[in-house]
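Notes to accompany the following structure.
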2 protein chains.
Amino acid sequence: MATTATTEKGRRTRQRIIEATGEQILAAGIGGTTLDTVRAATLTSKSQLFHYFPGGKTELVREVAVWEGEQLLAAQEPEIHDLGSWESWRRWRDGLVAYYLGQGRWACPIGSLATEAASADPETSALITTSMSAWKDMLAAGVARMQAAGHVDASADGDLLATGIVASIQGGIILSQPERSPRPLEAVLDQVLDPLLVRTGTSRA
Amino acid sequence: MATTATTEKGRRTRQRIIEATGEQILAAGIGGTTLDTVRAATLTSKSQLFHYFPGGKTELVREVAVWEGEQLLAAQEPEIHDLGSWESWRRWRDGLVAYYLGQGRWACPIGSLATEAASADPETSALITTSMSAWKDMLAAGVARMQAAGHVDASADGDLLATGIVASIQGGIILSQPERSPRPLEAVLDQVLDPLLVRTGTSRA
DNA sequence: TCATCGTTGGACTGCACAGTCCATTCCTAG
DNA sequence: CTAGGAATGGACTGTGCAGTCCAACGATGA
C-alpha cells in the first residue's frame, strides 16, 4: 500500500482533499457532496482522488470521519484533559459551544455523519462509534476526576453520565440547527451538566 | 388542485405510498430511498407516484415528514396529554422507549429526516421543525401541569426543560443506533427527567 | 350506452455522478 | 542529464435514478 501517499507534496494534497470533503459534507451531507465538487474545491483532478483514495468516495468519507473525530477532540483541548473542577467543566462547555458556533453551520461533523452513514456504510459507522466512545471516555475520566476530588457523588455512574452528555450534545445540535441558535444546545448541556456544576459543596437530595 | 386525491381508492393508494416511503427512509435514509424501490414496494407505477405527488420525490418526502410527525405524537398517546404526575411521566418514558424499540431500527423517523433534509430541502426542514416544536410544547405543557400540582419548582423554565427532553431523545437515539441497545437513550432520558421524577423523595425506585 | 374523469401501466429521456484509463508533467536520486 | 516513480490532467464510460409521456383501464352519472 505504498500507493496513497509517499511524497510530502502528495500528503498535503491528500489532506487538502480530506478537509475540503469534510467541509462539504458538513454543509450538504454525504449525498450532497460529489467527487466533482470536491475536485473543483481542491483544484485537483479525478485521477488524484482515486490515486489517494483507491476505494473511491466510500474510502474518502471514511478518512473524513477519522479526521473529523480527531479534530473534534482537538478542539476541546486542553480542557478535555482536565475536567477536574467545576471551572474546568464550564470552560469546556463554553469552548464547545464556541466551536460549533465557529463552524458556521449548526451541525456536528461527527453527528451528521453518524445518521447518514449508519444506513449506508457500516464501516464508516463503526469508525464514528469509535470516535464517540473515545469522546465519552474522556468525559467519563473527567467525571471520575470530579469524584476523586470529592466534588461529585462517588456512587454516580460516570460512564452513564458521560453517555448522557454526549447524547445531549448531539441532540442539542439537531435542535439548534433549524433555529440557528445555540439556545437548545446550551439548554440541554446545562441540564445534563447540572449535577456537576450546581452543587457547590453541598449535595442535593 | 383536484388532481391529487379524489376517490377513496386513490386516497388509500396515496397513503400506502407515503407509509412505504417512510419505512424505506427510516431504513436507508432519503438518499437510499428511490422512487423505483417505492414503486416496487407499493406495487404501483411511476405515473401514480407523480400523479399523487406532482412535486416528485421532494413533495413525497415532505408528506412523509408530516405523516411521521403525526405518527410520533400519536404513539405517545394518551400519556402525552397527561404528564401531570411522576407516574404518568414514567409511563410516557417507557412507552417512548418501547416505540423506538418496536421500530426495529434505532432511528427516529423525525430526527433522521431532520439531519438529512436540513442541508437539502429547507421546506421539509421547516415541517420537521414544526413537528419538533409541537412535541416540545406538549412536553412543556406537562411540565407546567407538574408545576401547577406543586410537584416541580414553579421557578423552573418549562420550555427550556422540554427542549432539553426532546434534544435528549434525539441524541440518545443517535448513540443507541450503532449500539443497537436502548441504553444510551434510557441513560440520557433518565438524566434529563431526573428533576421531574426525583423530587420530594417520593417514587423513583 | 356513452362520456368524463380519476386511476394505472410502463416505456422512454436526460442527466448527474462514481469510477476508468491513458497521457503528461513534476520531482528526485544516481 | 536522465530514468523511474509519484503526481496530475481530463476525456470517457456506464449506470442509477428522477422525471416525462402517452396509452389504456375503470367507475360513475346522464
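The chains referred to below are lettered A, B, ... by the order of the sequence lines, with proteins before strands, and numbering in each begins at 1. Everything quoted here is computed from the prediction, not taken from an experiment.
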Value in whole Å for how far the [atom2] atom of [N] lies from [atom1] of [X]:
{"X": "B:Asp36", "N": "C:dC12", "atom1": "CG", "atom2": "P", "result": "15 Å"}
{"X": "B:Glu59", "N": "D:dG19", "atom1": "CD", "atom2": "P", "result": "11 Å"}
{"X": "A:Leu43", "N": "D:dA7", "atom1": "CG", "atom2": "P", "result": "18 Å"}
{"X": "A:Glu8", "N": "D:dA7", "atom1": "CD", "atom2": "P", "result": "11 Å"}
{"X": "A:His51", "N": "C:dG19", "atom1": "NE2", "atom2": "P", "result": "17 Å"}
{"X": "B:Asp121", "N": "D:dA18", "atom1": "CG", "atom2": "C1'", "result": "15 Å"}
{"X": "B:Lys57", "N": "D:dC17", "atom1": "NZ", "atom2": "P", "result": "9 Å"}
{"X": "B:Leu49", "N": "D:dC17", "atom1": "CG", "atom2": "P", "result": "14 Å"}

Note to self: Tell me every residue that passes ring-ring contact (aromatic ring centres under 6.0 Å, His included) with B:Trp106, counting only those two or more places apart in sequence or in another chain.
What the structure shows: none

Next item on the list: Apply ring-ring contact (aromatic ring centres under 6.0 Å, His included) to B:Trp135 and list each qualifying residue two or more places apart in sequence or on a separate chain.
Entry: none

What side-chain donor-acceptor pairs closer than 3.5 Å can you find for residues 170-177 of chain B, not counting sequence neighbours?
from, atom 1, to, atom 2, distance (Å)
B:Ser176, OG, B:Gly172, O, 3.2
B:Ser176, OG, B:Ser181, O, 2.8
B:Ser176, OG, B:Leu185, N, 3.2

Hey, is the side chain of [X] poking within less than 4.0 Å of OP1 or OP2 on [N], counting only N and O atoms?
{"X": "B:Thr34", "N": "D:dG16", "value": "no"}
{"X": "B:Tyr52", "N": "C:dT8", "value": "yes"}
{"X": "A:Thr7", "N": "C:dT28", "value": "no"}

Check: With A:Ser47, which residues qualify under side chain to side chain donor-acceptor pair (under 3.5 Å), at least two apart?
Finding: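 By the side chain to side chain donor-acceptor pair (under 3.5 Å) rule, A:Ser47 matches A:Ser45.
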
Notebook entry, point to check: With sequence neighbours left out, what residues match B:Glu19 under side chain to side chain donor-acceptor pair (under 3.5 Å)?
Noted result: B:Gln15

Check: Within the distance-only criterion (no hydrogens, no angle test), does the side chain of B:Ser168 pair as donor or acceptor with the backbone N or O of B:Gly164 below 3.5 angstrom?
Finding: yes

Notebook entry, point to check: Under the 3.5 angstrom rule, does the side chain of A:Thr44 hit a backbone N or O of A:Ala40 as a donor-acceptor pair?
Noted result: no

For [X], give me all partners under side-chain contact (heavy atoms from CB on, under 4.5 Å), at least two apart in sequence or on another chain.
{"X": "A:Gln191", "value": "B:Leu161, B:Val192"}
{"X": "B:Arg145", "value": "B:Leu83, B:Ala141"}
{"X": "A:Ser119", "value": "B:Arg105"}
{"X": "A:Lys57", "value": "A:Ile30, A:Leu35, A:Val61"}

Next item on the list: Just call it for A:Thr58: base, sugar-phosphate, or nothing, with non-hydrogen atoms closer than 4.0 Å on any strand.
Entry: nothing

Notebook entry, point to check: Considering only heavy atoms, which members of residues 18-32 of chain A lie under 4.0 Å from some atom of DNA chain C?
Noted result: none

Next item on the list: Establish, from distance only, whether the side-chain atoms of A:Gln24 and A:Thr37 form a donor-acceptor pair under 3.5 Å.
Entry: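 A:Gln24 vs A:Thr37: donor-acceptor pair found between side chains.
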
Check: Which nucleotide sits closest to the side chain of B:Phe50: D:dA7, C:dT8, D:dA18?
Finding: D:dA18

Could I get a table of every N or O pair under 3.5 Å where one atom is in the protein and the other is in nucleotides 26-30 of chain D?
none

Protein-nucleotides 10-15 of chain D N/O pairs closer than 3.5 Å?
from, atom 1, to, atom 2, distance (Å)
D:dG10, O6, A:Ser47, N, 3.1
D:dG10, O6, A:Ser47, OG, 3.3

